[in-house]
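Sequence positions, counted from 1, serve as the residue numbers for this chain. Side chains are part of it too, since the values below use all heavy atoms of this structure and drop only hydrogens, waters and symmetry mates. As the structure is a computational prediction, the values presented were derived from the model and not from experiment.
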Amino acid sequence: MKTAYDVIIRPIITEQSMEDLDIKKYAFEVAKDANKIEIKKAIEEIFGVTVIKVTTEHVRSKAKRTGAYPMGKTASWKKAVVKLSADSKNIELFEGMV
């Protein structure tokens, strides 16, 4: 049985994700085997908010130069963008970033 903290790995702090805060969209890196229902329940449990929509995306690995013959790769991961309801409170984790 996975806990909510096993599903949600970390928040994603980028310029694009900071622009979406005013429409209550938050981005997180999640476990690769997590589905939308598990992600929704984990966000609601951890932050005490109401989630109305979850979109997910698999971010593929990229080839990286290592300076030697064998080409390296970055890790692949899964991204989730969570939309909160209008009457829901904001997530405090992102408050000081804007």
Side-chain angles (χ1 to χ4, degrees):
M1 180 79 184
K2 290 190 287 189
T3 65
Y5 294 99
D6 292 333
V7 174
I8 307 299
I9 297 173
R10 67 180 180 96
I12 298 173
I13 312 292
T14 61
E15 190 173 338
Q16 171 98 33
S17 66
M18 291 297 112
E19 289 177 1
D20 290 341
L21 293 182
D22 56 343
I23 57 173
K24 294 197 175 193
K25 277 190 174 180
Y26 298 92
F28 295 93
E29 180 182 346
V30 296
K32 287 177 109 174
D33 60 343
N35 59 28
K36 292 181 180 185
I37 297 168
E38 291 173 341
I39 295 168
K40 178 181 177 179
K41 287 180 181 178
I43 294 292
E44 289 177 345
E45 179 184 330
I46 293 171
F47 298 109
V49 295
T50 305
V51 176
I52 58 172
K53 186 175 182 181
V54 177
T55 57
T56 59
E57 171 187 1
H58 286 280
V59 180
R60 292 194 217 169
S61 61
K62 297 180 182 176
K64 295 297 260 184
R65 292 179 56 178
T66 58
Y69 170 70
M71 199 71 149
K73 282 193 167 193
T74 60
S76 62
W77 50 285
K78 189 172 187 179
K79 174 183 176 179
V81 178
V82 177
K83 173 96 169 118
L84 303 182
S85 65
D87 59 340
S88 181
K89 65 177 185 163
N90 292 334
I91 296 177
E92 296 86 18
L93 187 69
F94 293 90
E95 288 299 314
M97 302 288 179
V98 180

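- Formation of a donor-acceptor pair under 3.5 Å by the Lys24 side chain with backbone atoms of Ser88 is found in this model.
- Here the side chain of Ser61 pairs no donor or acceptor atom with the backbone of Ala75 at under 3.5 angstrom.
- Looking at Thr14, its side chain never comes within 3.5 Å of a backbone N or O of Met18 through a donor-acceptor pair.
- For the pair Phe28 and Val7, the minimum side-chain heavy-atom distance is 4.5 Å or more.
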Would you tabulate the side-chain donor-acceptor contacts of residues 44-53 under 3.5 Å, counting partners in other chains and residues two or more places apart, or write 'none'?
from, atom 1, to, atom 2, distance (Å)
Glu44, OE2, Val51, N, 3.2

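- For NZ of Lys25, the number of neighbouring non-hydrogen atoms (other residues, nucleotides, ligands) closer than 6.0 Å is 12 at most.
- The line from CD1 of Ile9 to NZ of Lys32 is 9.5 Å long, rounded to the nearest 0.5 Å.
- Here the CG atom belonging to Leu84 is positioned 5.0 Å from the CD1 atom belonging to Ile91, to the nearest 0.5 angstrom.
- Between Lys79 and Glu29 there is no salt bridge, since no side-chain nitrogen of the basic residue lies less than 4.0 Å from a carboxylate oxygen of the acidic one.
- Between the side chain of Lys36 and the main chain of Ala80, no donor-acceptor pair closer than 3.5 Å is present.
- Defined by atom type and a distance below 3.5 Å, a donor-acceptor pair is missing between the side-chain atoms of Ser17 and Asp20.
- Atom NZ of residue Lys78 and atom CG of residue Asn35 lie 7.0 Å apart, to the nearest 0.5 angstrom.
- Cluster annotation: Val81 and Leu21 are assigned to distinct hydrophobic clusters (Ile/Leu/Val/Met/Phe/Trp/Tyr, side-chain heavy-atom contacts under 4.5 Å, transitive).
- With a 4.5 Å cut-off on side-chain heavy atoms, Ile39 and Thr56 count as touching.
- Look at Lys2 and Asp33 and you find a salt bridge, because one of the NZ, NE, NH1 or NH2 atoms lies within 4.0 Å of a carboxylate O, short of that distance.
- In the hydrophobic clustering of this structure, Ile43 does not group with Ile23; members are Ile, Leu, Val, Met, Phe, Trp, Tyr whose side-chain heavy atoms approach within less than 4.5 Å, directly or through other members.
- With rounding to the nearest 0.5 Å, the separation of CG in Asn90 from OH in Tyr26 is 4.0 Å.
- The structure places NZ of Lys62 at 12.5 Å from NZ of Lys73, a figure rounded to the nearest 0.5 Å.
- Counting non-hydrogen atoms of neighbouring residues, nucleotides and ligands closer than 6.0 angstrom, the CD1 atom of Ile37 reaches no more than 12 such neighbours.
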